[in-house]
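Input: a single structure, listed below in structure tokens.
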Amino acid sequence: MKIQRAETADLQAVHNITTKTISEVYPHYYPSGAVKIFLDYHNEEFIAKDIADGRVFLCCDSDGNAVGTVTLCDNEIQRLYVLPEYQGRGFGGALLEFAEQKLFKTFDEVIVEASLPAKGLYKKRGYSETEYLYMRAENGDFLCWDKMIKHR
């Protein structure tokens, strides 16, 4: 497993990991209007800007396949996704460990806005909820998530 800073040439890989994971996993947790918000928010334009700013990291398996990604912005972990077929193999935990190590070098606390499918991973790693957030989506649906924090 290798985690490295994403380059401009990695845009499609990061976008694919993000959209495939949202499209295949999130419908089991969220209504369609909420899934659409996630897909719209994590579009190529936003990902490209984050890559250009040096915030995006790509995780590859031992064969060099891009399987996961994470974005770091100040003391916040964002856009941590692992392709569905690679989930449960330790890639998400490795990306989270990598992100925490980088952020705790500079900050005393790490923040994440956790989706329902990811919340369990963060709870296991010592994060606690600080705020419950929600917003109205299409079709009268709601998108709900938790803001979570971990102290050094």
Side-chain angles (χ1 to χ4, degrees), residues 1-31 34-44 46-133 143-152:
M1 177 183 325
K2 181 179 179 184
I3 300 173
Q4 62 193 30
R5 190 176 306 275
E7 304 292 331
T8 303
D10 298 317
L11 173 61
Q12 283 308 123
V14 173
H15 186 255
N16 177 61
I17 292 165
T18 303
T19 58
K20 184 173 184 188
T21 304
I22 292 169
S23 297
E24 292 184 17
V25 174
Y26 283 33
H28 298 289
Y29 294 85
Y30 291 108
V35 173
K36 184 177 181 328
I37 289 173
F38 279 109
L39 290 170
D40 289 347
Y41 182 76
H42 295 294
N43 63 51
E44 284 187 9
F46 287 136
I47 293 170
K49 182 182 181 329
D50 285 338
I51 289 173
D53 290 343
R55 298 178 180 161
V56 181
F57 296 86
L58 195 60
C59 178
C60 296
D61 68 6
S62 58
D63 294 326
N65 300 308
V67 300
T69 186
V70 66
T71 300
L72 307 179
C73 184
D74 298 323
N75 68 326
E76 189 172 347
I77 296 172
Q78 303 173 344
R79 201 185 294 119
L80 195 159
Y81 291 106
V82 174
L83 287 169
E85 60 268 30
Y86 288 89
Q87 291 179 7
R89 298 189 200 175
F91 292 105
L95 279 164
L96 185 54
E97 177 71 23
F98 170 84
E100 289 174 352
Q101 285 180 4
K102 286 192 82 60
L103 295 178
F104 279 136
K105 287 179 183 175
T106 307
F107 302 100
D108 291 329
E109 60 187 28
V110 173
I111 297 170
V112 64
E113 291 191 6
S115 64
L116 294 175
K119 185 176 177 179
L121 173 66
Y122 295 117
K123 293 279 290 180
K124 286 179 189 175
R125 291 293 303 248
Y127 287 78
S128 56
E129 299 95 337
T130 61
E131 190 175 356
Y132 174 76
L133 304 163
L143 169 59
C144 305
W145 72 100
D146 290 296
K147 189 171 193 174
M148 302 180 81
I149 193 167
K150 181 176 182 178
H151 299 279
R152 188 179 336 187

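V14 pairs with exactly one of T19, V70, V56 by the side chain to side chain contact (heavy atoms under 4.5 Å, CB included) rule, that one being V56. Paired with K150 under the rule salt bridge (Lys or Arg N to Asp or Glu O under 4.0 Å), one option of E129, E100, E109 passes, and it is E100.
Side-chain contact between S23 and L39 is present, with heavy atoms from C-beta onward closer than 4.5 Å. Taking 4.5 Å as the limit, every side-chain heavy atom of C144 sits out of range of all side-chain heavy atoms of L133. Counting only heavy atoms from C-beta outward, the side chains of E113 and E131 never approach each other to under 4.5 Å. Put simply, the side chain of Y127 reaches to within 4.5 Å of the side chain of I77, judged on heavy atoms. The closest side-chain heavy-atom distance from N75 to T106 is not below 4.5 Å. Side chains of R89 and D61 form no contact here, defined as non-hydrogen atoms less than 4.5 Å apart.
T69 places no side-chain N or O within 3.5 Å of a backbone atom of L58 that could act as its donor or acceptor partner. Within the 3.5 Å criterion, the main-chain N or O of A114 finds no donor-acceptor partner in the side chain of D146. Not a single donor-acceptor pair under 3.5 Å links the side chain of R55 to the backbone N or O of C73.
When every heavy atom of V25 is checked against every heavy atom of P117, the shortest pair comes out as CG1-CB, 4.0 Å. Residue A66 comes nearest to C60 through the heavy atom pair CA-SG, 4.0 Å, listed as atom of the first residue, atom of the second, then distance.
With rounding to the nearest 0.5 Å, the separation of CG in L96 from CG in L121 is 5.5 Å. Considering OG1 of T71 and CD1 of I51, their distance stands at 8.0 Å, rounded to 0.5 Å. Here NE2 of H42 is found 13.0 Å from CD1 of I17. Values are rounded to the nearest 0.5 Å. Note that the CG atom of L72 and the CG atom of D53 stand 12.5 Å from one another [nearest 0.5 Å]. Put simply, CG on L103 and CG on D108 are 12.0 Å apart, with the number rounded to the nearest 0.5 Å. Between atom SG of residue C59 and atom CD of residue Q4 there is a gap of 9.5 Å, rounded to the nearest 0.5 Å.
The ring-ring contact (aromatic ring centres under 6.0 Å, His included) check on Y30 picks up Y26, F38, with sequence neighbours excluded. With sequence neighbours excluded, the residues forming a salt bridge (Lys or Arg N to Asp or Glu O under 4.0 Å) with R79 are D50, listed by chain and number. Taking the salt bridge (Lys or Arg N to Asp or Glu O under 4.0 Å) definition, one finds that D10 meets it with nothing, sequence neighbours left out.
In this pair, F91 and Y86 present their aromatic rings perpendicular. The plane angle is above 60°, beyond the 30 to 60° band.
Electrostatic pairing of K20 and E85 counts as a salt bridge here, judged by a charged N lying under 4.0 Å from a carboxylate O.
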